[in-house]
Each structure stands twice: as C-alpha cells, then as structure tokens.
Amino acid sequence: MSKKRISSKMFRTTGLIMGLFIVSGLFWGQAAAQAGELNPARILELADQARGNVKGVKWRIDLTSQERERVQKQSLCIEAKDFNCLATTLAPPKLKGRKLLMLDRNMWFIKPGLRKPVPISSRQKLMGGASNGDLASTNYAGDYVVKNITREKLDGDPCWVIDLKGKTKKVTYDRIRYWVSESRMVGVKAQFFTVSGKLLKTAVFEYKNRINTGEGEHAFISRMTIKDQLLKTNTTTMDYSRVEIKEIPASTFNLNLLVR
C-alpha cells in the first residue's frame, strides 16, 4: 500500500476519533454548565425548602412504627423557623405535652413537671426508625459538606446524587447519600450511614403538600418512609399534614419559658 493511501486512511481515522471527542466534550460541557448553574450548595438549599427550611412554618406529624408485630403511633405539632424547631407531643395521652426543642443545633427534652430541660442528642431514637433529629427542619445545606455529586435515574426520574458528610457530631447522621430530583428540586431518597460507612436506614420522600412562601408556591413534604437496614421488616412512616406558613415568634424557642 502506498504511503499516500496509508496517510489518507490515518487522516480519516484520526478525524473520526477527534469527532467523537468533540461530541463527548460537548455533552459533558453541557452537563458541567448545568451543574455550574445549580451548584451542590444551591441544590441542597432548594431541597431543604421542601422539608421545612422556610421562615416560619407549622405542621403536624403522625408517626407509625411497625417493628415485627408491634405497632406504635405518636402525633406531634411542629413549629419551625429557619433552623430552630419545637416539637410538642399531641398523642398518645400519656405522652401529651412533652416537647423537643432544637435550637442552634442543640437539643433538649422537656415534659410537664420536669423542673429542668434535659440535653439530648438529635441521634437518639424517637420511635421506631425515626430519630429526634428527623422531626426538625432540614438543613443539609448548612450541616453537611458535599464530598461528591453524580447523576443517575431513580425510577425513571433524573436525579442529582449527592454524598454528604456531617460538619460536626451534632448532626443527626454522620454521612448521607441523597437523591434530589433534577426537575422538581426535592429530595426523593436518602441513605443514612455511620461514620465507618455502615448503612443504617433508607428513607423515601413524598411531596403532596403545597406551600406559598411569598416567592411562589412549591412542594412540601407529605410523607417520609424509613426502612431499617439492620432489621429489614421494621418500617416507620411520618405523615405531614396541616402545613401552614405563619409567623413563629422568637419566644416559641425560649428554653426558659418552656420549663415554667
């Protein structure tokens, strides 16, 4: 074969390879541009808004926990503003009036007749698979560092998949793998891990509630379903209802007033 024909063939092959690189570069360039417009911190901020992180919101949570043959129920009223939260137990009657206060990432337990609030951890078990911290307004954007972000489909829905690591030991979970819907900008699934990487539980989220913060109407969480990864038959559901945007006075989170 002549040098001329070999050179021509090599030129065509090189051109094809370069063309593939250009197309690939365009695809990843578009993905990078989209990620740049919505950086990980902004994605988390938007997802947080659908899970309580707004300037004044009140809702009810009805918990149902099934552990083997045992079923437990509990209802609470939640009042949240920014990153502070007060949970007041409504039912069952024997627990009525008990409160959990989260203030500046610290948490206390208060109950009628108790003279002093008891410091507690947001990681402590509340009921079933739900921890104390699961009641609070979500602040993943402020409480966690983004270690990695990828993209994948979850049940056909394109999602950002964000690996998070807690900034301090006060966070409810050391590590979280979080799926955020690209089209709706809400968290649709989360896996919760220990610091060593052991999977503790998995949660999926539904958003049938709607709220209007003054900047337009958007989705608000309606159900969180938690599955225990150690005891796989154990399931806890948290149903959110009676959601309303309202002014929450600072006195709501005053620890001294709560123990009077």
Side-chain angles (χ1 to χ4, degrees), residues 39-55 57 59 61 63 65 76 78-87 99-110 117-150 159-180 185-205 220-221 223-230 234 236 238 240 248 252-253 255:
N39 60 61
R42 182 56 180 160
I43 293 170
L44 290 174
E45 286 175 2
L46 291 171
D48 282 345
Q49 289 178 10
R51 294 180 59 193
N53 193 347
V54 293
K55 294 184 180 297
V57 61
W59 68 88
I61 290 181
L63 289 98
S65 167
L76 304 101
I78 312 296
E79 296 172 277
K81 184 174 184 178
D82 295 326
F83 312 128
N84 300 326
C85 175
L86 177 67
K99 301 178 187 292
L100 294 175
L101 174 67
M102 180 173 279
L103 183 64
D104 297 328
R105 296 181 177 85
N106 296 302
M107 205 163 196
W108 290 271
F109 168 73
I110 305 115
V118 178
I120 59 173
S121 169
S122 63
R123 302 184 182 204
Q124 286 178 226
K125 179 177 177 179
L126 173 67
M127 190 182 80
S131 300
N132 291 331
D134 290 325
L135 296 175
S137 179
T138 302
N139 183 25
Y140 286 175
D143 290 341
Y144 290 86
V145 175
V146 175
K147 304 301 291 184
N148 187 43
I149 181 167
T150 56
C159 293
W160 301 107
V161 186
I162 309 174
D163 291 315
L164 303 170
K165 182 179 179 181
K167 291 181 179 179
T168 71
K169 292 184 179 180
K170 291 183 179 181
V171 296
T172 308
Y173 303 102
D174 292 301
R175 291 172 54 193
I176 302 173
R177 187 167 171 80
Y178 195 39
W179 282 255
V180 178
M185 281 300 152
V186 296
V188 291
K189 178 181 175 180
Q191 292 178 327
F192 304 106
F193 299 85
T194 63
V195 69
S196 64
K198 185 176 182 180
L199 179 60
L200 292 173
K201 51 193 177 184
T202 299
V204 293
F205 310 96
F220 192 85
I221 188 168
R223 172 172 284 192
M224 177 178 180
T225 303
I226 304 169
K227 290 188 178 294
D228 192 319
Q229 294 301 304
L230 304 178
N234 293 358
T236 302
M238 300 172 63
Y240 297 66
I248 308 291
T252 301
F253 311 108
L255 190 58

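Reckoned from all heavy atoms, side chains included, excluding hydrogens, waters and symmetry mates.
The closest donor-acceptor contact from the side chain of T252 to the backbone of E79 lies at 3.5 Å or more, if one exists at all. Checked by atom type and distance alone, the side chain of Q49 never pairs as donor or acceptor with a backbone atom of L46 at under 3.5 Å. Formation of a donor-acceptor pair under 3.5 Å by the D104 side chain with backbone atoms of N106 is not found in this model. Of the possible donor and acceptor atoms, none in the side chain of D174 sits under 3.5 Å from a partner among the backbone N and O of G166. A donor-acceptor pair is defined here as one N or O able to donate and one able to accept, closer than 3.5 Å; no such pair exists between the side chain of S131 and the backbone of G133.
Under the 4.0 Å criterion applied to side-chain N and carboxylate O atoms, D163 and R177 are assigned as salt-bridge partners. Salt-bridge formation is detected for the pair K55/D82: a Lys NZ or Arg NE/NH1/NH2 atom is positioned less than 4.0 Å from an Asp or Glu carboxylate oxygen.
Rounded to the nearest 0.5 Å, atoms CG (D48) and OG1 (T138) are 6.0 Å apart. With rounding to the nearest 0.5 Å, the separation of CZ in F109 from CG in N132 is 9.5 Å. Interatomic distance, L164 CG to L44 CG, rounded to the nearest 0.5 Å: 5.5 Å. Distance CE/M102 to CG/N139: 10.0 Å, rounded to 0.5 Å. In this structure, CG in N148 is found 13.5 Å from NZ in K165, a value given to the nearest 0.5 Å. Taking CG of L200 as the start and CZ of R123 as the end, the distance is 9.5 Å to the nearest 0.5 Å.
Taking all atoms of both residues into account, the shortest heavy-atom contact from I176 to Y173 is CG1-CB, 4.1 Å. Heavy atoms only, all atoms of each residue included: A87 and I78 are closest at CB-CD1, 3.5 Å. Smallest separation of non-hydrogen atoms from R175 and T194: CD-O, 3.9 Å. Contact detail for P117 and W108: the closest heavy-atom pair is CB-CD1, 4.0 Å. Among all heavy-atom pairs drawn from C159 and V188, the shortest one is SG-CG2, 4.0 Å. When all heavy atoms of I226 and A130 are compared, the pair lying nearest together is CD1-CA, 4.0 Å.
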Under the side chain to side chain contact (heavy atoms under 4.5 Å, CB included) criterion, do L126 and D134 qualify, and how do the steps go? CA-CA 9 Å; L126 173 67; D134 290 325; over 6 Å; no

Take Q229 and T202, measure what side chain to side chain donor-acceptor pair (under 3.5 Å) needs, and give me the verdict at the end. CA-CA 7 Å; Q229 294 301 304; T202 299; 3.3 Å; yes

Yes or no on side chain to side chain contact (heavy atoms under 4.5 Å, CB included) for L101 and M107, after CA distance, side-chain angles and deciding distance? CA-CA 5 Å; L101 174 67; M107 205 163 196; over 6 Å; no

Given the rule in the side chain to side chain contact (heavy atoms under 4.5 Å, CB included) test, do L100 and L86 qualify, once you have shown the distances and angles that lead to the verdict? CA-CA 6 Å; L100 294 175; L86 177 67; over 6 Å; no

Please step through side chain to side chain donor-acceptor pair (under 3.5 Å) for the pair K125 and S65, ending with a clear verdict. CA-CA 12 Å; K125 179 177 177 179; S65 167; over 6 Å; no

For a side chain to side chain contact (heavy atoms under 4.5 Å, CB included) check, start with the C-alpha distance between V161 and I149, then their side-chain angles and the critical distance, and finish with the verdict. CA-CA 6 Å; V161 186; I149 181 167; over 6 Å; no

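Remark: aromatic rings of Y178 and W160 are distant, center separation not under 6.0 Å.
A heavy-atom distance below 4.5 Å is not found between the side chains of I162 and Y140. Residues F220 and R51 form no side-chain contact, since every pair of their non-hydrogen atoms from C-beta on lies 4.5 Å or further apart. Counting only heavy atoms from C-beta outward, the side chains of T236 and M224 never approach each other to under 4.5 Å.
Neither side chain, N234 nor K227, offers a donor N or O lying under 3.5 Å from an acceptor on the other.
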